[in-house]
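This report concerns only the one structure given below.
Chain letters run A, B, ... following the sequence lines, proteins first and then strands; every chain starts at 1.
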Number of protein chains: 2
Amino acid sequence: MSSASRGDLTTRARIRDGAVECFAREGFSVSVRTIAEHAGVSPGLVIHHFGSKARLREECDTHVRGVITEVKTQTVEEASGAFMLQQMAEIEQYGPVLGYVLRSLQSGGVLAADFFELMVEDVERFMAVGVEAGTVASSRDPAARARYLTSSALGSLMLHTTLHHTGAEPDFGQVMQEWIEAYMLPALESYTEPVLLDRTLLDTYVAHAGGGAGDEGGTGTGDD
Amino acid sequence: MSSASRGDLTTRARIRDGAVECFAREGFSVSVRTIAEHAGVSPGLVIHHFGSKARLREECDTHVRGVITEVKTQTVEEASGAFMLQQMAEIEQYGPVLGYVLRSLQSGGVLAADFFELMVEDVERFMAVGVEAGTVASSRDPAARARYLTSSALGSLMLHTTLHHTGAEPDFGQVMQEWIEAYMLPALESYTEPVLLDRTLLDTYVAHAGGGAGDEGGTGTGDD
DNA sequence: CAATACATTAAACGCATGTTCAGGCTGCTG
DNA sequence: CAGCAGCCTGAACATGCGTTTAATGTATTG
C-alpha cells in the first residue's frame, strides 16, 4: 500500500496512463508490446502488474471514469459558462481521455454505456434549467429528448471522427474543432428555427404512438 | 466468363455473400476460417478466389455499393412515400447489407465515406423538395444542414447499435425498430417545434462566424 | 482414352499475439 | 554480511491468424 499512497508516479500508474494513450490513439486492438514499449518496460511487466490485457483495459476504464467524474464534479460546482469554456480550451489536456471515451463509444462496453448515461443525465438537467429559465421549450418527454439530443451530438461526433480521421493517430482537438465548424451553424439553426413547417408528421406520430404505447419512463409528459 | 454469365450462384459469389454476412455480424476482424466455414468451403479456397482477405473485403465493398445504388435507383424512380415504406418493411431483407454498412461506418474506410456522401446528397435533395413544397424551412446553408441532419441520424443509429447490441450478433431489424421507438418522437418534436426559444445563441454565432463565411443558399430565413 | 485446366482441400508455414517462466537486479531487514 | 522480497527482463510457449503449397478430384477437350 506504500506505493499507492506515494502518489501516481509508480510504474503501474505509468503503464496505465500510457495504455490509455495507446488505446486512444490506436484503438483497443493495440498490442501489449506497444503499450509496454510506450511505458519503457517489458511486455511481461505489464501482465505481471495487471494480470492480463483485459484487466488492464478494465483498470483504464475505471481510471478514465474517475477522471470524468472528477471533471464533472468541478464543472457542476462552478456551473458557469465561463468555466465550461475554459474547460473546452483545456480540452487538449484531456486528449487521451477524450480519445479513450470515443474509442469506447465505437467499441461498446460498460464504460461507453456509463458515459452515455452520464451525458444524458447532464443534458436532461441542463435542459430542465433552460425550460425553467424560459430559454428552452418544454418537451412531451424530457427524458427521451435528452437521450435524443445526446445521441445525435455524440453519434455525429463519432461518425465525423471515423470518417475523416481514418489514420491511426487522430488529433481530437482538431476533430472537435472541425466538427464544431461543420455542424454548429446548422445545429443552432435547426434548434432555433423549426425545420419542419408542417406539423402533420409530429401530430400523426403523437396520435399514433402516444395513444397506443406510452413509454414507461414515467417522469410524465412535460407541459407548458 | 461462362461462370459469371450463369448468374450469381457460383462458389465465388456464395463466398462473397457469406463474407458480407460474416462481416456484418462479427465485424471486419472476423477470420477467414469463419468465412470459409460459413460458405462450406476451405480457408484456402477463399484466398484462391480473392487473392487475400483485403481484396475480399474490397469486393464486398463494391458489391454492397452496387446493391445500395440499385435500391436507390428503384427508390428514386418510384419516388413515392408508399414505396419507401414498403422498402422499410422489407428492410430485413437487406439486413446483411445494412449491417455491413454500419460496420463500415464504425471502422471508417472508403465505402463508409461514399455511403455518407450518398446519404447527404439524398437528404439535401429531399430537403430541397420540402422547401419548395413549403413543408420544410429554408436554411442559411442547405448543404451544411443536410450534412448535419445525416450525421446526426446516422451517428445516433450507430451509437445505439454499439451501446445496446454489444453482442456479436445484432439483429438490425430490431436495432432499427428500437431506434425509431426511442428517438422518433423527440426528433419530430425537435424538428417541428423549436427547442431553443432564445435566438441569442444562433444570432451570436451567425454574427461571429457568418461574417467570415457567407451563406450562398439565401432564399431567406423563412419564418413568420 | 489421354491430356489439360480448373475447383478444392488438408496440411503446413511464418508471423504476431497474449501470456508464462526462470532468473537477475535492487533495496530492505535480520 | 546473508537472506529475503519485490520489481523487472529476455526468452520461450501456445495459439490464432492470413497465406502458401502440394496434391486430389473433376470436369472439358482433343
Between B:Leu163 and A:Ala113, the two heavy atoms sitting closest are CD2-N, 3.8 Å
Contact summary for B:Arg140 and A:Glu189, nearest pair of heavy atoms:
N-OE2, 2.7 Å
Using the 3.5 Å cut-off, write out each protein N or O paired with an N or O of nucleotides 19-23 of chain D and the distance between them.
| residue | atom | partner | partner atom | Å |
| --- | --- | --- | --- | --- |
| D:dT19 | OP2 | B:Lys53 | N | 2.7 |

Take atom CZ of A:Phe50 and atom C1' of C:dT20, then tell me their distance rounded to the nearest Å.
18 Å
Is there a donor-acceptor contact under 3.5 Å linking the side chains of A:Gln174 and A:His165?
no
Of all the heavy-atom pairs spanning A:Pro96 and A:Ala24, show the shortest one and how long it is.
O-CB, 3.4 Å
What is the ring orientation for A:Phe28 with A:Phe23, classed by angle as parallel under 30°, tilted 30 to 60°, or perpendicular over 60°?
tilted
Within the structure provided, determine whether B:Thr161 and B:Trp179 are in side-chain contact (heavy-atom separation under 4.5 Å).
no
Quick one: label B:Val30 by what it contacts on the DNA or RNA (base, sugar-phosphate, nothing), any heavy atom closer than 4.0 Å.
sugar-phosphate
Check this one for me: any side-chain N or O of B:Thr11 less than 4.0 Å away from OP1 or OP2 of C:dT8?
yes
Tightest non-hydrogen contact, residues A:Leu188 and B:Tyr205, listed as CD1-CB, 3.6 Å
Which angle, to the nearest 10 degrees, lies between the helix axes at the two ends of the helix from C:dC1-D:dG30 to C:dG30-D:dC1, each defined by five pairs?
30°
Rounded to whole angstrom units, what separation is found between the CD1 atom of B:Ile15 and the P atom of C:dT9?
8 Å
Using whole Å, report how far CD of B:Glu37 lies from P of C:dA10.
12 Å
Whole-Å gap separating P (D:dC17) and CD1 (B:Ile35)
11 Å
If we only count heavy atoms from C-beta on, is the A:His160 to A:Val175 side-chain gap below 4.5 Å?
yes
Residue pair B:Ile47 / B:Lys53: nearest heavy atoms and the distance that separates them:
CD1-N, 4.1 Å
Scan A:Ser42 against the nucleic acid and name what it touches under 4.0 Å (heavy atoms): base, sugar-phosphate only, or nothing.
base
Atom-to-atom span, CG of A:Leu45 to C1' of D:dA11 - whole angstrom
16 Å
